[in-house]
Protein chains: 2
Amino acid sequence: MANIREIAKLAGVSPSTVSRVLNNSGYVSWETRKKVQAVMEKLDYVPNLNAVSLKKGATKLIGIAAPYLGDEINTFLGNFAQAAQEKGYNITLFLTNADPKKERDALESLRRRQIDALAVVIRANDWDTIAQYSKYGPIVTWQRVIMKEIPSVFMDQYEGYMLGLEHLHAKGYRKISNVYGNPGHLNTIGRMEAFRDFCRKYCLNEHALPHFYHKGSIRDGEEMAHWWKNTADKPDAFMAPNDRFAAGLVSEAKRLGLNVPGDFAVCGFDNTDIARLLDITTINYPIGGQARNAFSIIQNRLEGKTIPLTGLKFELIERKTT
Amino acid sequence: MANIREIAKLAGVSPSTVSRVLNNSGYVSWETRKKVQAVMEKLDYVPNLNAVSLKKGATKLIGIAAPYLGDEINTFLGNFAQAAQEKGYNITLFLTNADPKKERDALESLRRRQIDALAVVIRANDWDTIAQYSKYGPIVTWQRVIMKEIPSVFMDQYEGYMLGLEHLHAKGYRKISNVYGNPGHLNTIGRMEAFRDFCRKYCLNEHALPHFYHKGSIRDGEEMAHWWKNTADKPDAFMAPNDRFAAGLVSEAKRLGLNVPGDFAVCGFDNTDIARLLDITTINYPIGGQARNAFSIIQNRLEGKTIPLTGLKFELIERKTT
DNA sequence: TTGTAGGCGTTATCAA
DNA sequence: TTGATAACGCCTACAA
């Protein structure tokens with residue numbers, strides 16, 4: 001494993017000169033440069049990034065912590081990674097499984113300078129714990145949180161959710177049942193607010209029908225189809241927490257011989273592949289844009305730049321389930 | 001940013017002693033240890049991993065290169081990451097987009113010692129190029145390749161594919177059309193061999209129906225539904241290259257008013273969520289096991305261990321499309 | 001049980 | 001245009 005000193009020796013120059021040709025910095029004569037490059041080539045030399053990182057105090061590695069891999073997170077991850085790679089950063093992935101201890105590993109990685117920054121896509125610890133680590137490097141999140149230590153690329157779900165509700169209303173549905181994710185998450189709160197305002201606007205009884213919490217998986221959706229079949233006072237439409245749930249609901253409904261949207265309508269959320277596949281009406285949620293913004297925030301902090309963020313908005317995608 | 005020397009000074013000991021308490025190595029008296037720990041605590045000290053990596057010549061980071069994120073790869077990635085994290089390694093992700101240059105970045109990361117090893121899930125460069133890099137650290141792959149430089153956790157698709165073919169035959173289908181991925185990949189070759197042997201066994205004409213290559217996306221599946229509708233000599237069953245294709249085919253068929261398996265049967269491959277969702281008969285392909293084996297191979301090489309690999313096999317999952 | 005010294009491979013400052 | 005020299009922060013013989 002040749003190092004910079006060996007190259008210097010063989011090229012008959014000093015290590016600093018080699019370093020200069022490596023980084024195109026400072027002055028170095030044409031001949032010297034050629035000579036050095038020839039030696040580097042011959043010895044198959046490349047600089048050791050550990051040494052560079054140690055010296056520079058930066059690894060050009062950005063961590064990304066997420067509980068699992070799935071449609072929405074993949075989209076975030078993919079766009080984030082692409083943006084990062086374009087700017088010379090690599091990504092290190094921390095799959096937390098929603099386990100606070102594992103997320104702590106990611107945070108500790110930042111503290112121990114293995115990564116320069118961390119994107120906590122979906123958190124496992126409470127915000128205060130996470131905020132403690134922001135002194136070691138930039139931390140951004142996809143979730144809604146208002147803390148100066150943790151910038152967020154969250155988009156208020158209020159607006160997007162309202163788009164879905166208005167659409168259902170316009171289509172004539174009046175008995176809407178809402179299926180939410182974790183009510184502790186502010187994302188959910190935004191949706192709940194939208195529904196409250198929606199009911200107020202159209203003089204509907206907010207609590208006329210049951211609503212659900214802590215739902216989000218395909219299986220949750222499947223179970224909902226059974227619930228619908230067995231319940232007395234049936235909703236005529238569901239606002240799903242995401243496309244996966246909507247997909248489970250729609251496909252299980254078909255298996256049960258139900259007709260969507262004849263028996264009930266379903267509006268998904270996120271506009272992922274699966275919604276297109278199953279022809280589910282959904283809300284387009286510009287995740288890729290958020291991911292790129294997340295990276296921009298990090299890059300701005302790391303490099304003292306002020307790249308402006310992109311403005312983003314929700315959009316209704318009407319298909320066959322409403 | 002306190003360093004080891006500062007801690008030593010404040011604790012009134014030498015840096016080596018601090019290092020010893022850090023690593024639980026060598027002798028250090030109870031009192032000294034306590035004293036040192038107290039100072040570390042007070043200064044919020046943790047060792048700088050860059051320095052450790054430089055010194056030790058290892059980063060405890062394993063790269064994983066994949067073209068994109070999707071069902072099968074997620075499964076691989078998730079299991080691989082989990083196995084790695086359990087053993088104290090972190091994962092750095094290289095999304096190549098099937099672009100050889102981007103894969104090269106991953107390979108270069110290995111050469112420049114940013115990562116200790118690399119799992120090339122699905123390659124973008126030719127094997128010879130990749131093999132060149134194996135001198136810088138262990139490289140494993142998920143794909144089939146027989147090269148001493150690149151161990152593979154590939155499972156011969158012959159066996160799995162045959163399971164599907166036999167199933168279709170048992171169900172009475174005789175006009176099977178095969179849809180393959182990249183015929184250059186040895187994975188595909190195994191499947192083609194299976195089909196040839198299958199035809200031989202049942203005295204069928206291997207070329208009675210058209211087969212397809214370079215297919216694999218949802219959209220490819222959707223297009224196949226249209227092809228079927230417009231073609232004269234129709235197959236009565238499709239062996240899909242993966243579940244995504246099968247899903248596209250099945251869902252588009254429904255949109256076109258076709259009946260699966262009435263008009264034609266579909267057998268997927270991989271047994272991912274989407275197949276369950278759409279009730280598609282498929283072949284269970286133990287990806288998680290392969291991922292864990294991939295990590296074991298790397299760990300064995302890196303740490304000179306000989307952890308045995310797990311034996312794995314295919315399985316038919318019968319659902320509603322056959 | 002503890003300390004000293006040298007080195008891991010680079011970069012950056014300063015002088016020449 | 002080039003070269004010494006001193007860090008970056010840690011680990012590990014070896015000596016004490």
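Chain A is the first sequence line, chain B the second, and so forth, proteins listed ahead of strands; every chain is numbered from 1.
When only modelled atom types and interatomic distance are considered, B:Glu103 and B:Thr96 share no side-chain donor-acceptor pair under 3.5 Å. Using a 3.5 Å distance cut-off with no hydrogens or angles, the side chains of B:Asn242 and B:Glu72 do not pair a donor with an acceptor. Remark: the A:Ser19 side chain and the A:Ser16 side chain contain no N/O donor-acceptor pair separated by less than 3.5 Å. Donor-acceptor pairing under 3.5 Å is lacking for the side chains of B:Gln143 and B:Asn187. Inspection of the A:Tyr285 and A:Gln157 side chains reveals an N or O donor paired with an N or O acceptor under 3.5 Å.
At least one side-chain heavy atom of B:Ile7 sits under 4.5 Å from a side-chain heavy atom of B:Val36.
The backbone N or O of A:Pro100 sits less than 3.5 Å from a side-chain atom of A:Asn125, completing a donor-acceptor pair. At least one donor-acceptor pair closer than 3.5 Å links the side chain of A:Asn182 to the backbone N or O of A:Gly184.
Within residues 39-50 of chain B, no residue approaches DNA chain C, by heavy-atom distance under 4.0 Å. Remark: A:Gly12, A:Val13, A:Ser14, A:Ser16, A:Thr17, A:Arg20, A:Tyr27, A:Val28, A:Ser29, A:Thr32 in residues 3-37 of chain A come within less than 4.0 Å of DNA chain D through at least one heavy atom. A heavy-atom distance below 4.0 Å to DNA chain C is reached by none of the residues of residues 106-113 of chain A.
With a heavy-atom cut-off of 4.0 Å to chain B, the contacted part of DNA chain D has its first and last nucleotide at D:dG9 to D:dT12.
Screening residues 92-125 of chain A for ring-ring contact (aromatic ring centres under 6.0 Å, His included), with sequence neighbours left out, gives no hits. Counting only residues at least two apart or in different chains, salt bridge (Lys or Arg N to Asp or Glu O under 4.0 Å) contacts with residues 110-131 of chain B comprise A:Asp44-B:Arg111, B:Glu108-B:Arg111. Listed by first and then second residue, the ring-ring contact (aromatic ring centres under 6.0 Å, His included) pairs involving residues 101-140 of chain B are B:Tyr133-B:Tyr136 (not counting sequence neighbours).
Judged by atom type and distance alone, B:Lys55 reaches the base of C:dG7 through a side-chain donor-acceptor pair under 3.5 Å.
Across its full length, the helix from C:dT1-D:dA16 to C:dA16-D:dT1 shows an angle of 40° between the axes of its 5 terminal pairs at either end, rounded to 10 degrees.
Among residues two or more places apart in sequence or in another chain, the salt bridge (Lys or Arg N to Asp or Glu O under 4.0 Å) test is passed with B:Lys148 by none. A:Phe76 pairs by the ring-ring contact (aromatic ring centres under 6.0 Å, His included) definition with A:Trp142, not counting sequence neighbours. With sequence neighbours left out, A:Asn79 forms a side-chain contact (heavy atoms from CB on, under 4.5 Å) with A:Thr75, A:Ala291, A:Arg292. Remark: B:Asp156 pairs with B:Arg144 by the salt bridge (Lys or Arg N to Asp or Glu O under 4.0 Å) rule, at least two apart or across chains.
Spacing between atom CG of A:Leu54 and atom C1' of C:dG7 amounts to 13 Å, rounded to whole angstrom units.
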